[in-house]
Amino acid sequence: MPTSSAPGKVYLFGEHAVVYGEPAVPCAIERRVRATVERRDDGRVVLDAPALSFDGVTVEYGAGDPALSTEPALTAEPARVRRAVRYVDAALASAREVAGDETVGFDVSIDSDLPIGAGLGSSAAVTVASLDAAARACDVELDRATLADRAYQVEREAQDGQASRADTFCAATGGAVRVEGDDCRSLAAPSLPFVVASDGGAGDTGALVAGVRRLAEAYPFAADTIGAIGDLVRRGEDALAAGDVEELGRLMDVNHGLLSALGVSSRSLDELVWTARDAGALGAKLTGAGGGGCIVALDPTDATERALALAPACETTFRAELADEGLERE
Ligand code: PMV
């Protein structure tokens with residue numbers, strides 16, 4: 001039974017500005033989603049994924065079995081469960097396409113050590129891992145570029161046409177990545193001492209992106225702020241290439257300030273960022289869309305993680321190494 005895994009990610013720099021064509025640098029982190037998939041000849045899909053908050057629900061539907069609904073029937077389930085199933089379902093459809101078999105069924109089991117829906121790229125990791133494992137279950141081995149591209153199409157479909165290539169490329173290839181428009185490439189990066197903390201919430205990415213757009217349209221200096229983030233990312237790329245972790249930390253602090261100016265931080269994210277800074281982190285910023293969710297700090301010592309664990313705003317904190325490998329096959 002093939003198992004494929006893919007890492008989550010944090011943004012070292014550049015979220016939101018990337019929407020306006022500025023570069024961004026997401027980094028894969030060594031926290032993974034694993035998908036194990038077995039082929040079924042009866043056309044059924046049986047999806048068992050406690051890690052996606054199914055709360056014991058096994059989802060069963062059929063692609064080729066007329067006795068079963070062809071759609072996952074989840075009307076009574078919470079929205080987050082329905083959302084998670086959309087990614088898996090679209091990934092399985094993509095795998096059927098590459099296998100040239102529109103009716104093949106699958107047993108799918110998904111396990112995750114990433115918090116789900118917290119801005120750490122869990123949906124991209126779910127998509128990449130389940131697409132790859134399902135293709136392998138049909139004896140098709142996808143190369144990284146095809147996998148990243150197909151996973152991007154899957155995310156776009158599951159997100160009603162809205163997705164950037166950053167998350168899926170990062171999950172497929174690992175390491176530090178530079179994204180500018182459709183151009184995605186890997187960057188050489190030193191091992192970075194990431195500490196991640198979550199406030200237990202999650203922002204609404206669409207609403208936050210729309211808020212930044214309104215601000216940039218209303219105030220030229222908000223548009224300049226987006227340009228300033230782009231300039232900062234270019235400086236950050238130099239610091240990354242030089243392995244200058246202290247400079248990376250300073251630039252992360254500035255990036256957080258610029259994101260706050262664009263209105264996408266929150267009281268709890270600011271509290272986590274300041275807890276990290278007070279504990280001696282080299283730098284700290286929110287990661288992803290903001291509004292709630294996660295921050296990322298750099299600290300080679302244990303001090304930041306210990307301080308965050310005690311912060312009232314912190315639901316969970318962990319150290320995360322840069323994941324050099326994206327997709328892994330077992
Ligand atoms: O919160 P995430 O991991 O989905 O990141 C969103 C990043 C944005 O730049 C705000 C939006 C985007 O599509 O790039």
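Remember, it's 1-based here, ligands and their atoms both numbered in the order they're listed.
For Asp299 (side chain) and Thr304 (main-chain N/O), a donor-acceptor pair under 3.5 Å exists by modelled atom type. Under the 3.5 Å distance criterion, the side-chain polar atoms of Thr146 are left unmatched by any main-chain donor or acceptor of Leu142. One N or O on the side chain of Arg32 and one on the backbone of Gly326 form a donor-acceptor pair closer than 3.5 Å.
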Exercise for review: Begin from the C-alpha positions of Arg136 and Arg329 and carry the test side chain to side chain contact (heavy atoms under 4.5 Å, CB included) through to its verdict.
Suggested key: CA-CA 10 Å; Arg136 287 169 65 208; Arg329 294 176 173 142; 3.5 Å; yes

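By the neighbour-count criterion of 12 heavy atoms within 6.0 Å, atom OH of Tyr20 is densely surrounded, having more than that number from other residues, nucleotides or ligands.
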For ligand 1, find each of its N or O atoms that sits under 3.5 Å from a protein N or O atom, and tabulate the pairs with distances to one decimal place.
from	atom 1	to	atom 2	distance (Å)
ligand 1	1 (O)	Ala289	N	2.9
ligand 1	3 (O)	Lys9	NZ	2.8
ligand 1	9 (O)	His16	N	2.9

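Residues Glu22 and Arg234 are paired through a salt bridge, judged by an N-O separation under 4.0 Å between the basic side chain and the carboxylate.
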